[in-house]
Q: 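Supplied in structure tokens, the structure appears directly below.
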Amino acid sequence: MKTKVAIIGGGPSGMLLSQLLHTRGIDSIVLERKTKDYVLGRIRAGVLEQGLVKLMEEAGCADRMHAEGFTHDGALISYGDEMFRLDFSELTGNFVMVYGQTEVTRDLYEAREKTGGAIEFEVNDVAIHDANGAAPHVTYTTQGKKRRIDCDFIAGCDGFHGVSRQAIPLEVRREYEKVYPFGWLGILSETPPVNNELIYANSERGFALCSMRNENLSRYYIQCSLSDSPDDWTDAAFWEELKRRIPKAQADTLVTGPAIEKSIAPLRSFVTEPMRWGRLFLCGDAAHIVPPTGAKGLNTAASDVHYLYNALRDCYENGSEAGIDSYSEKALKRVWKAERFSWWFSSMMHRFPDQSEFDLKMQIADLEFLRSNKAAQQAMAENYVGLPY
Ligand code: APR
Ligand code: PHB
């Protein structure tokens with residue numbers, strides 16, 4: 001088989017890239033290890049920056065997002081019994097879209113299937129060949145048969161545990177990592193959200209987040225130990241702990257219900273450089289991971305896709321390789337800003353096991369400064385709604 005762009009990974013990065021390329025008549029083949037149902041069964045964050053909203057519009061997949069998503073022009077930050085609001089629209093003139101990542105991925109699958117997109121599910125043994133040579137190609141097995149795709153370019157959109165990053169030689173790759181000493185226990189419940197905007201809570205018992213998917217589907221998280229497993233937490237225990245971490249007014253009005261999904265996610269900051277090796281380009285989680293605190297995972301994958309899509313367009317439409325030559329440097333500039341914001345927000349909002357009394361004083365001083373200083377609020381809001389591409 002032959003295609004212009006072989007895309008490894010059918011998550012949001014791979015599907016968004018495939019759909020955008022399609023709008024310019026640039027063909028691609030997506031290779032996905034899992035089934036479509038498995039991919040669409042993943043529950044992930046649900047705050048979209050304006051950049052991603054615009055990309056979904058450019059990809060022709062934004063109708064349901066605009067119909068069912070919620071625009072949020074603010075969020076609340078609580079610490080102890082204090083709580084203050086960040087007014088995104090007043091501070092930046094911008095807002096975020098609350099719409100589940102699962103729904104973003106579903107909309108992209110629907111669009112690709114409508115336009116006859118080539119997606120192969122349940123593929124195995126994907127391997128990248130000659131990425132830095134004259135004949136880049138990808139091999140894989142499907143239904144026990146070995147296949148080969150010859151291509152002009154390979155997009156490694158296969159997430160943190162994929163094969164693409166490993167295709168860049170160790171002597172070329174530089175990796176940066178920070179693992180946090182706690183996780184997030186998250187639940188989904190068919191209950192009305194406790195508040196119409198998100199609440200990020202720093203309590204003496206640890207971090208908590210009150211989020212939502214729609215007016216009758218809520219998403220809550222509490223910081224938990226890395227040694228915890230979801231089975232260690234009954235629904236009642238989760239609700240009890242959440243109530244102890246959020247302000248009393250919200251704890252008293254919290255509507256609880258059975259968890260329809262319960263999982264624990266570890267927190268990690270990770271970046272690999274470069275994000276390009278010959279004709280191989282890494283996108284999204286294949287190249288970088290952020291702690292979920294600032295909801296930057298999907299949004300940083302989106303900016304990678306934006307840069308790569310425009311670079312490939314420039315190559316095919318204008319014969320210019322300037323975009324692909326500058327892709328890694330340009331994408332990494334924005335990746336590191338997202339890493340910094342996610343690390344800073346996580347450090348301010350979580351309780352660390354080895355935290356000294358002084359560290360705690362610094363956290364509270366950070367929160368007090370953010371609460372009282374417009375410039376600090378503006379900096380936070382600019383990062384939260386999304387820095388420019
Ligand atoms: N071959 C084919 N597909 C693979 C392989 C492989 N060897 N390894 C992984 N995959 C698939 C996974 O099954 C997954 O569907 O690649 C896809 C990668 O998707 P994500 O992990 O969602 O990564 P990405 O598309 O970059 O999206 C980033 O999604 O996971 C969240 O927190 C992340 O919000 C961020 C966003
Ligand atoms: C979510 O709704 O899952 C969510 C929202 C905001 C975050 C992280 C997760 O910062």
Side-chain angles (χ1 to χ4, degrees), residues 45-55 70-80 82-98 176 178 180 184 195 197-203 207-211 221 223 247 267-271 288-304 306-307 329-352 355 358-389:
V47 172
L48 313 186
E49 295 175 355
Q50 277 309 299
L52 176 50
V53 170
K54 290 192 173 70
L55 279 175
F70 298 78
T71 56
H72 279 210
D73 57 11
L76 296 154
I77 292 186
S78 77
Y79 56 110
E82 305 292 332
M83 185 150 83
F84 62 96
R85 181 173 184 267
L86 282 172
D87 186 333
F88 303 142
S89 42
E90 185 212 308
L91 292 159
T92 69
N94 218 330
F95 52 85
V96 291
M97 171 75 76
V98 173
Y176 307 85
K178 178 182 180 61
Y180 297 80
W184 276 20
N195 194 58
E197 292 180 324
L198 274 60
I199 301 175
Y200 292 85
N202 171 327
S203 86
F207 172 79
L209 169 58
C210 303
S211 182
Y221 298 94
Q223 173 184 344
L267 275 68
R268 178 199 311 269
S269 300
F270 175 85
V271 180
H288 43 73
I289 296 285
V290 283
T293 323
K296 290 302 167 198
L298 175 61
N299 291 300
T300 311
S303 51
D304 292 348
H306 165 81
Y307 296 131
E329 186 188 349
K330 197 183 281 188
L332 281 165
K333 262 201 176 58
R334 195 175 187 279
V335 163
W336 279 112
K337 289 174 185 164
E339 292 286 343
R340 182 211 66 83
F341 173 68
S342 305
W343 160 79
W344 168 77
F345 196 15
S346 300
S347 305
M348 183 170 71
M349 296 306 291
H350 291 78
R351 292 299 166 99
F352 289 69
Q355 200 162 23
F358 178 81
D359 296 335
L360 191 53
K361 283 288 185 188
M362 288 299 99
Q363 240 182 20
I364 302 305
D366 231 350
L367 286 157
E368 287 288 356
F369 180 62
L370 181 61
R371 176 182 196 164
S372 60
N373 184 285
K374 209 83 178 168
Q377 290 185 12
Q378 184 148 28
M380 163 98 184
E382 293 285 0
N383 278 281
Y384 192 89
V385 301
L387 297 176
Y389 284 1

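Note that this is a predicted model, so its numbers are computed, not measured. Positions are given from 1, in the same order as the sequence printed here.
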Q: Does Arg85 come within less than 4.0 Å of Asp73, counting only side-chain N to carboxylate O?
A: yes
Q: I need the Thr293 OG1 to Tyr180 OH distance, nearest 0.5 Å.
A: 7.5 Å
Q: Do the ring planes of Trp344 and Phe341 sit parallel (below 30°), tilted (30 to 60°) or perpendicular (above 60°)?
A: tilted
Q: Taking it one step at a time, do Arg334 and Tyr307 satisfy side chain to side chain donor-acceptor pair (under 3.5 Å)?
A: CA-CA 11 Å; Arg334 195 175 187 279; Tyr307 296 131; 4.6 Å; no
Q: When rounded to the nearest 0.5 angstrom, what distance separates CE in Met362 from CE in Met348?
A: 14.0 Å
Q: Does CD belonging to Glu82 count more than 12 external heavy atoms closer than 6.0 Å?
A: yes
Q: Start with the C-alpha distance between Phe95 and Gln50, add both sets of side-chain angles, then the distance that settles side-chain contact (heavy atoms from CB on, under 4.5 Å), and finish with yes or no.
A: CA-CA 7 Å; Phe95 52 85; Gln50 277 309 299; 3.2 Å; yes
Q: State whether the side chain of Gln378 and the backbone N or O of Thr92 hold a donor-acceptor pair below 3.5 Å, judged by distance alone.
A: no
Q: Any salt bridge linking Lys296 with Glu49? Criterion: basic side-chain nitrogen under 4.0 Å from a carboxylate oxygen.
A: yes
Q: Would you compute the distance between atom CZ of Arg351 and atom OG of Ser203 and round it to the nearest 0.5 angstrom?
A: 6.5 Å
Q: I need the minimum non-hydrogen distance between Met83 and Pro247, along with the two atoms involved.
A: SD-CG, 3.6 Å
Q: Could you go step by step and tell me if His306 and Lys330 meet the side-chain contact (heavy atoms from CB on, under 4.5 Å) rule?
A: CA-CA 11 Å; His306 165 81; Lys330 197 183 281 188; over 6 Å; no
Q: Considering residues at least two apart in sequence or located in another chain, which fulfil the salt bridge (charged side-chain N to carboxylate O under 4.0 Å, His left out) criterion with Arg340?
A: none
Q: If I take atom CZ from residue Phe70 and atom CE from residue Met97, how far apart are they, to the nearest 0.5 angstrom?
A: 10.5 Å
Q: Using a 3.5 Å cut-off and no angle test, enumerate the donor-acceptor pairs between side-chain atoms of residues 379-389 and protein atoms at least two apart in sequence or in another chain.
A:
residue, atom, partner, partner atom, Å
Asn383, ND2, Ala379, O, 2.9
Tyr384, OH, Tyr200, OH, 2.5
Tyr389, OH, Leu52, N, 3.4

Q: So, for His350 and Gln363, which heavy atoms are closest and what is the spacing to 0.1 Å?
A: O-NE2, 2.5 Å
Q: What are the two closest heavy atoms between Phe88 and Ala75, and how far apart are they?
A: CZ-CB, 3.7 Å
Q: How many angstroms lie between CD1 in Ile77 and CG in Leu86, if you round to the nearest 0.5 Å?
A: 4.5 Å
Q: Could you tell me whether Lys178 sits above the aromatic face of Tyr176, with NZ or CZ closer than 6.0 angstrom to the six-membered ring centre and within 45 degrees of the axis?
A: no
Q: Please report the interatomic distance CH2(Trp336) to CH2(Trp343), rounded to the nearest 0.5 Å.
A: 12.0 Å
Q: Looking only at non-hydrogen atoms, find the nearest pair between Val290 and Ala338 and report the distance.
A: CG1-O, 4.2 Å
Q: Grab the two heavy atoms, one from Ala302 and one from Leu55, that are nearest each other, plus how far apart they are.
A: O-CD1, 3.3 Å
Q: Taking the side chain from Ser342 and the backbone from Glu339, do they hold a donor-acceptor pair closer than 3.5 Å?
A: no
Q: Below 4.5 Å, heavy atoms only, C-beta onward: do Gln377 and Leu370 meet side chain to side chain?
A: yes
Q: Would you please name every residue forming a salt bridge (charged side-chain N to carboxylate O under 4.0 Å, His left out) with Asp366, sequence neighbours left out?
A: none
